[in-house]
2 protein chains.
Amino acid sequence: MGTTGSVEAPLSGEGRPPGRYDAFQQGCPSRRLIETLGDKWASLVIVALGLRGPLRYSELAAQIAGVSQKMLTQTVRGLERDGLLTRTVTPSVPVRVDYELTPLGRSLLEVLAHLKEWAEEHMAEIETARAAHDAAR
Amino acid sequence: MGTTGSVEAPLSGEGRPPGRYDAFQQGCPSRRLIETLGDKWASLVIVALGLRGPLRYSELAAQIAGVSQKMLTQTVRGLERDGLLTRTVTPSVPVRVDYELTPLGRSLLEVLAHLKEWAEEHMAEIETARAAHDAAR
DNA sequence: CCGAATCCCGAATGATACTG
DNA sequence: CAGTATCATTCGGGATTCGG
């Protein structure tokens, strides 16, 4: 997540009417969601936890092909920060850390499920379009 | 869009059962959708076109605060390639380029609408969680 | 004048090695 | 087991320039 310094300060007016969200405005929280999901891994983590229930770090890593430890940790921390999942540390002999969706996270999962549905239904069309487009050039 | 060289070749087996998409697999098309939407701007372009109908390049740019010409062009090309929108060039004196959603694009729009709804309903919770988390550390 | 391509830099990402 | 630290590399993205 591009947290570091990118403030995107709205400054000047703060004049957004409350309750009225407009993702086209830079400072808008709803654009933040887009950025969260923009994280390639975030959605996958949520879906993984949603489908298979609580998971340990290594299980999560195993589920999601191609993610590096660094990215997984980073993603998970971001999601925890946003209250989408909980991180539970059990200080046993080998430490054990479990991740689980919060109710908020589960509600987001439903939306992602729609996305997944759409994908399964339409990805073929996209592939066709892409192939056609690539062939035509 | 990390299109360039990142092949992520699945190769070996191609052994994915047809009709069965698993976004956890690297080569899976459904992960591609996530990456497409991962493009911060892609969703905004689609929503903009969905809400305000066909738009010219400059109108699009005006709608979406904070996007650079480069990113807009790049995003739009990607979406065109995926068959989500059409790009129509009218070679008038000052060139005119119109963008419009395809049926496929409009169907995706519906899914994005759910996302937007969710955002408007729950972003406040995320902000609260975030504030609490940040305060606690 | 509108839209696209180039250059360049900082940030994000990923592989590897190390620690509690 | 579950991370953290470091380094090398790629990539996003803004300013600028080109084309028509």
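In what follows, every heavy atom counts, from backbone to side chain, and hydrogens, waters and symmetry copies are set aside. Source: prediction; values computed, not measured. Throughout, protein chains are lettered first and strands after them, A, B, ... in sequence-line order, and every chain is numbered starting at 1.
Rounded to the nearest 0.5 angstrom, A:His114 NE2 and A:Glu121 CD are separated by 12.0 Å.
Look at CG on A:Leu55: it is 13 Å from P on D:dG3, rounded to the nearest Å. Rounded to whole Å, the distance from CE on B:Met71 to C1' on C:dC9 is 14 Å. Rounded to whole Å, atom P of C:dA11 lies 16 Å from atom CD of A:Glu35. D:dA2 atom P lies 10 Å from atom CG of A:Leu60, rounded to whole Å. In this entry the distance linking NZ of B:Lys40 with P of D:dG13 reads 6 Å, nearest Å. C:dG14 atom P lies 11 Å from atom CG of A:Leu72, rounded to whole Å.
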Nucleotide N/O of nucleotides 1-6 of chain C paired with protein N/O under 3.5 Å:
residue	atom	partner	partner atom	Å
C:dG3	OP2	B:Ser58	N	3.1
C:dG3	OP2	B:Ser58	OG	3.3
C:dA4	OP1	B:Arg77	NH2	2.8
C:dA4	OP1	B:Arg87	NE	3.2
C:dA4	OP1	B:Arg87	NH2	2.6
C:dA4	OP2	B:Thr73	OG1	3.4
C:dA4	N6	B:Gln69	OE1	3.0

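The phosphate of C:dA12 has neither OP1 nor OP2 within less than 4.0 Å of any side-chain N or O from A:Trp41. A close approach under 4.0 Å does occur between a side-chain nitrogen or oxygen of A:Gln74 and OP1 or OP2 of C:dT13.
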Test side chain to side chain contact (heavy atoms under 4.5 Å, CB included) on A:Leu37 and A:Leu112 and set out the steps.
-> CA-CA 10 Å; A:Leu37 297 182; A:Leu112 291 181; 4.3 Å; yes
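Of the charged side-chain nitrogens involved, at least one lies within less than 4.0 Å of a carboxylate oxygen, so that A:Lys116 and A:Glu120 count as a salt-bridged pair.
With sequence neighbours left out, B:Trp118 forms a ring-ring contact (aromatic ring centres under 6.0 Å, His included) with B:His122. Qualifying side chain to side chain contact (heavy atoms under 4.5 Å, CB included) partners for A:Ser68, counting only residues two or more places apart in sequence or in other chains: A:Lys70, A:Met71.
The overall bend of the helix from C:dC1-D:dG20 to C:dG20-D:dC1, read as the angle between its terminal helix axes built from five base pairs each, is 30° when rounded to 10 degrees.
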Distance-only donor-acceptor pairs under 3.5 Å for side chains of residues 97-104 of chain B, two or more places apart:
residue	atom	partner	partner atom	Å
B:Asp98	OD2	B:Arg96	NE	2.8
B:Tyr99	OH	B:Arg87	NE	3.3
B:Thr102	OG1	B:Gly83	O	2.7
B:Thr102	OG1	B:Leu84	O	3.2
B:Thr102	OG1	B:Leu104	N	3.4
B:Thr102	OG1	B:Gly105	N	3.1

Can you list, pair by pair, the side-chain donor-acceptor contacts under 3.5 Å of residues 43-64 of chain A, counting residues two or more places apart and other chains?
residue	atom	partner	partner atom	Å
A:Tyr57	OH	A:Gln69	O	3.2
A:Tyr57	OH	A:Thr73	OG1	3.1
A:Glu59	OE1	A:Arg56	N	2.7

